[in-house]
There are 2 protein chains.
Amino acid sequence: MVDTALEDTIKEVLQQFSNHLEKTNQRKTPERFAILEEIYRRTDHFDAEALYIHMKTQSYRVSRATVYNTLELLVSCNLVTRHQFGSNLARYERAHGRRQHDHIICTNCGKVLEFCDPRIQQIKDMMGELMNFNVESHSLNLYGTCKDGCE
Amino acid sequence: MVDTALEDTIKEVLQQFSNHLEKTNQRKTPERFAILEEIYRRTDHFDAEALYIHMKTQSYRVSRATVYNTLELLVSCNLVTRHQFGSNLARYERAHGRRQHDHIICTNCGKVLEFCDPRIQQIKDMMGELMNFNVESHSLNLYGTCKDGCE
DNA sequence: ATAGTTGCAAAAGCTTTGCAGTATG
DNA sequence: CATACTGCAAAGCTTTTGCAACTAT
């Protein structure tokens, strides 16, 4: 079964990335597109190593250096977001076409769920005003444990 | 000039730590108390290395291992809190006698300010309910830039 | 042709660990 | 006096960097 919505998103995102690279005079290498596509086929919150391993075991061979470079590039053009869920390890997820959301993390089993709350935006606006800051982004993580047992 | 409120806090916190160590059958070493006191004399959001360096240049000699061990111990008994402000570097601050607060970070100059907002607690309560989680803690960071120029 | 990119391996930065020696209870 | 803790150095892990080879433009 083919997920046509996903295929459309991927097509759109690849195009958007291509435009960005063109605009900023950076090269359209196959590695960059392959990494972006791989990221959009995932639904989890992965780390750089997991992405690297997954690409290696798939059709594609890339180096760790390129994975890290491309992740940074994708974060900078808002196609991917970067998180840290309590540890020193950076985690990533696709960003395009997703509404703003935050995360709730089980410190027991590591499960990560997403939630939305409009009050965050209110807090950002109010605090920007109050502290004389241009607030550009935020990160909100709730930590706890699943009530109905972990997987 | 002596800050008597600070001295009182330190006395109280050292006592509390002492009680905790006793209760959990851990040893009251001079290094542990020296590190705790040093932390409570700081007002910033420091990393382990800065604390280590500061202790070395002061009267006290401790090893990095002991600094890391003690920080973990202090976090676990809620006398110190651990943060990550966007990077992979852990930052710490004293926790006792401070009301719950979150952070707003300037991505330009690194300045860290604190703020309180009651809506966070509401969000934690509501999401715990909604997602069937026991929410134990959270971390909210706002990122942006100072409007009136950085230091 | 000429830079920007890649891959590899080495290095860097933060944190943890193993172990022998030390000091607490 | 038993053993938990310390200090030191080595190892671990994630991420970055240097450089020669490659390739997009």
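As the structure is a computational prediction, the values presented were derived from the model and not from experiment.
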Hey, could you give me the CG/CG distance between A:Asn19 and A:Leu14, rounded to the nearest 0.5 Å?
11.0 Å
Spacing of B:Lys28 atom NZ relative to D:dT3 atom C1', expressed in whole Å:
17 Å
B:His83 vs B:His103 aromatic rings, parallel, tilted or perpendicular, using cut-offs 30° and 60°?
perpendicular
Residues in side-chain hydrogen bond (donor to acceptor under 3.5 Å, both in side chains) with B:Arg61, at least two apart?
none
Just by distance, do the side chain of B:Thr145 and the backbone of B:Cys106 share a donor-acceptor pair under 3.5 Å?
no
A:Lys147 atom NZ: more than 12 heavy-atom contacts under 6.0 Å:
yes
B:Gln100: partners by side-chain hydrogen bond (donor to acceptor under 3.5 Å, both in side chains), with sequence neighbours left out:
none
At under 4.0 Å between heavy atoms, what does A:Glu49 touch on the DNA or RNA strands: base, sugar-phosphate, or nothing?
nothing
Side chains of B:Gln84 and B:Asn88: any donor to acceptor distance under 3.5 Å?
no
Can A:Arg27 and A:Glu22 be counted as an ion pair, charged N to O under 4.0 angstrom?
no
With a 4.0 angstrom cut-off to heavy atoms of chain A, pull out the first and last contacting nucleotide of DNA chain C, in 5'-to-3' order.
C:dA3 to C:dT15
Salt bridge or not between B:Arg42 and B:Glu93? Use side-chain N to carboxylate O under 4.0 Å.
no
Hey, is A:Arg41 close enough to A:Glu37 for a salt bridge, meaning N to O under 4.0 Å?
yes
Select from B:Pro30 and B:Asp47 the residue whose nearest nucleotide in DNA chain C is closer to the 5' end of that strand.
B:Asp47
With sequence neighbours left out, which residue pairs that include part of residues 121-146 of chain B fulfil the salt bridge (Lys or Arg N to Asp or Glu O under 4.0 Å) condition?
none
Axial bend angle, the helix from C:dA1-D:dT25 to C:dG25-D:dC1: five-pair end segments, nearest 10°
30°
OP1 or OP2 of D:dA4 less than 4.0 angstrom from a side-chain nitrogen or oxygen of B:Arg32, does that happen here?
no
Please tell me which of B:Asn25 and B:Tyr52 maps to the more 5' nucleotide of DNA chain D, matching each residue to the nucleotide holding its nearest heavy atom.
B:Asn25
Quick one, which residues of residues 62-96 of chain B touch DNA chain D with a heavy atom under 4.0 Å?
B:Val62, B:Ser63, B:Ala65, B:Thr66, B:Asn88
